[in-house]
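In what follows, a structure is listed as structure tokens, so that the remarks can point back to it.
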2 protein chains.
Amino acid sequence: MARTENEDREGRILDAAAQLIAHFGYDKTTVSDIAREAGISKGAVYLHFESKEALFEALLIREMMTYALNWLALLEKDEAGGTLGGMYKSMLYALSDNPFMAALFRQDRHILGNYVRKPDNFFKRFQEGQSSSTRFEFVHRMQAAGALRDDLDPQVITHIMNMLAYGLVSMDGVIPAEETPELDDLIEGIAVMMDRALMSPDPTKADIGKQIVREIVDEAYQRYEQLEKSEQEQTEQ
Amino acid sequence: MARTENEDREGRILDAAAQLIAHFGYDKTTVSDIAREAGISKGAVYLHFESKEALFEALLIREMMTYALNWLALLEKDEAGGTLGGMYKSMLYALSDNPFMAALFRQDRHILGNYVRKPDNFFKRFQEGQSSSTRFEFVHRMQAAGALRDDLDPQVITHIMNMLAYGLVSMDGVIPAEETPELDDLIEGIAVMMDRALMSPDPTKADIGKQIVREIVDEAYQRYEQLEKSEQEQTEQ
DNA sequence: TTTTGACCAATTTTGTTTTTCTGGTCAAAT
DNA sequence: ATTTGACCAGAAAAACAAAATTGGTCAAAA
């Protein structure tokens, strides 16, 4: 089950699925399509995944991991990554870079297709706040640590961040292209705005954010491992 | 054509249409439904409006006027309405208070229905930036007047404002209700944030925004009268 | 003069049948 | 021991016809 070759191939299948589903959506992408794109037969796909649904779920989990790691990497690279704006900036970059996290967040019917209706799926779990509460957690801890001004309700701040993230991935076609700024300029602008409006004036607290993000990503990772373990047990039954 | 009684009835027809279309959408609301709700016959509706499409267009224009006047009224009432945050706050209240402006902005297919596909319609004109460029114009003039810090690209600021407005009217169901703050708290928070991040430190400029909004709404009103005139000429031909 | 609502052509919806497609399996090939 | 792809049952889509609804009109009623 854990052969190197197989794991490589599992990755290739997910790559193929990612490319096709991002373009044609879950419904219009068939398992045969995925197999062809991955250069193997349909039967081989089912050696790695129980069902189309399970395949897609694995893809979403992989993309979520990629997203989180990408976020963290951008953050560590950023000198000023310890501020709220820095942390949020990295998140927005990571989010806009990942079609599936973006699709989940905007509840994209075209990409997620019938998957959203399946009982007890990843999408529903995602929606229950698993993800947005991460942002609340972050704001809350930042305030508790004195890095954020505490004269604004953390729930309000979190929701503003959600609104901006939602706008970033959902406004295609709403504003004419010539009025839409470059992604980079936009995200940098958002970060500057957040910092100016929300950071504590105390400069000694300017770096505390990084540690908090590390903690949160770490906790999320542990939750993920827990989940994977319990799913394995479920399968083995 | 300009009898008081008739104009009253025209308003009642639009009221009926507003109520029904806001709930069932353009496609599922029939002219008979509107007539019944307005307490008159179907034929009478056609004494006031050329077609269902024209009726809806008239409704949208009325709603846009209501929205603009509401915005202005909120603004004048607000002591601190001259700041960017104050102006934006009023706009967000007016927007979230008006189902049709909100529907236009979020491109709501359920409410707008087949109307969006009609050639040369209000929705398309609306989309071409007629509306969002108002916000750009405002930011631009605020900066020119020295009321706004000029170290942020006005296009970026405008787009952030568009994102927040979009999020406000489009995120129903995206974030669980228990994580969503009250509308008032949210809008006030946004206003505070915008002011802190973007207003010039110069306190003498803190009231200049009101005048600029007045100018812009005035110009928009003149554009509207122009439009109405040219449409009348078109009809008379 | 003003208003109505029966009426009509045209569209939309609904119901039904036929055809195609797709997720998943497994005996045979590698 | 792996991998394949023909195969199948069930789902989805397409095609078609029948029924219902709707935007719009206008002779008749008010």
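Chain A is the first sequence line, chain B the second, and so forth, proteins listed ahead of strands; every chain is numbered from 1. When reading the values below, keep in mind they use all heavy atoms of this one structure, side chains included, and skip hydrogens, waters and symmetry mates.
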Please give, in whole Å, the distance from [N] [atom2] to [X] [atom1]?
X: A:Phe56; N: C:dT22; atom1: CZ; atom2: C1'; result: 17 Å
X: B:His48; N: C:dT1; atom1: NE2; atom2: P; result: 17 Å
X: A:Phe49; N: C:dT25; atom1: CZ; atom2: C1'; result: 18 Å
X: B:Ile13; N: C:dT2; atom1: CD1; atom2: C1'; result: 13 Å
X: B:Leu47; N: C:dT4; atom1: CG; atom2: P; result: 9 Å
X: A:Ile21; N: C:dT22; atom1: CD1; atom2: C1'; result: 14 Å
X: A:Glu57; N: C:dG23; atom1: CD; atom2: P; result: 16 Å

Are the side chain of [X] and the backbone of [Y] linked by a donor-acceptor contact shorter than 3.5 Å?
X: A:Asp185; Y: B:Val156; answer: no
X: A:Glu37; Y: A:Gln19; answer: no
X: B:Tyr115; Y: B:Phe122; answer: yes

Distance, nearest 0.5 Å, that separates CG of A:Asn98 from CZ of A:Arg62: 9.5 Å
Mutual orientation of the aromatic rings belonging to B:Phe56 and B:Tyr26 [parallel < 30°, tilted 30-60°, perpendicular > 60°]: tilted
NZ or CZ of B:Lys118 within 45° of B:Phe123 ring axis and under 6.0 Å: no
Worked check of salt bridge (charged side-chain N to carboxylate O under 4.0 Å, His left out) between B:Asp33 and B:Arg36: CA-CA 5 Å; B:Asp33 289 340; B:Arg36 193 182 326 115; 3.3 Å; yes
Phosphate OP1/OP2 of C:dT2: any B:Arg9 side-chain N/O under 4.0 Å: no
Partners meeting side-chain contact (heavy atoms from CB on, under 4.5 Å) with B:Asn114 (sequence neighbours left out): B:Asp27, B:Arg117
Between the protein and nucleotides 20-23 of chain D, list every N/O to N/O distance that falls short of 3.5 Å.
from, atom 1, to, atom 2, distance (Å)
D:dG23, OP1, B:Lys52, NZ, 2.9
D:dG23, OP2, B:Val31, N, 2.9
D:dG23, N7, B:Lys42, NZ, 3.2

Estimated bend of the helix from C:dT1-D:dA30 to C:dT30-D:dA1 (axis per five terminal pairs, rounded to 10 degrees): 30°
Nearest-nucleotide comparison on DNA chain D, the residue closer to the 5′ end among A:Ala44 and A:Asn114: A:Ala44
Trace of the salt bridge (charged side-chain N to carboxylate O under 4.0 Å, His left out) decision for B:Glu57 with B:Arg125: CA-CA 11 Å; B:Glu57 208 133 309; B:Arg125 270 177 276 150; 3.0 Å; yes
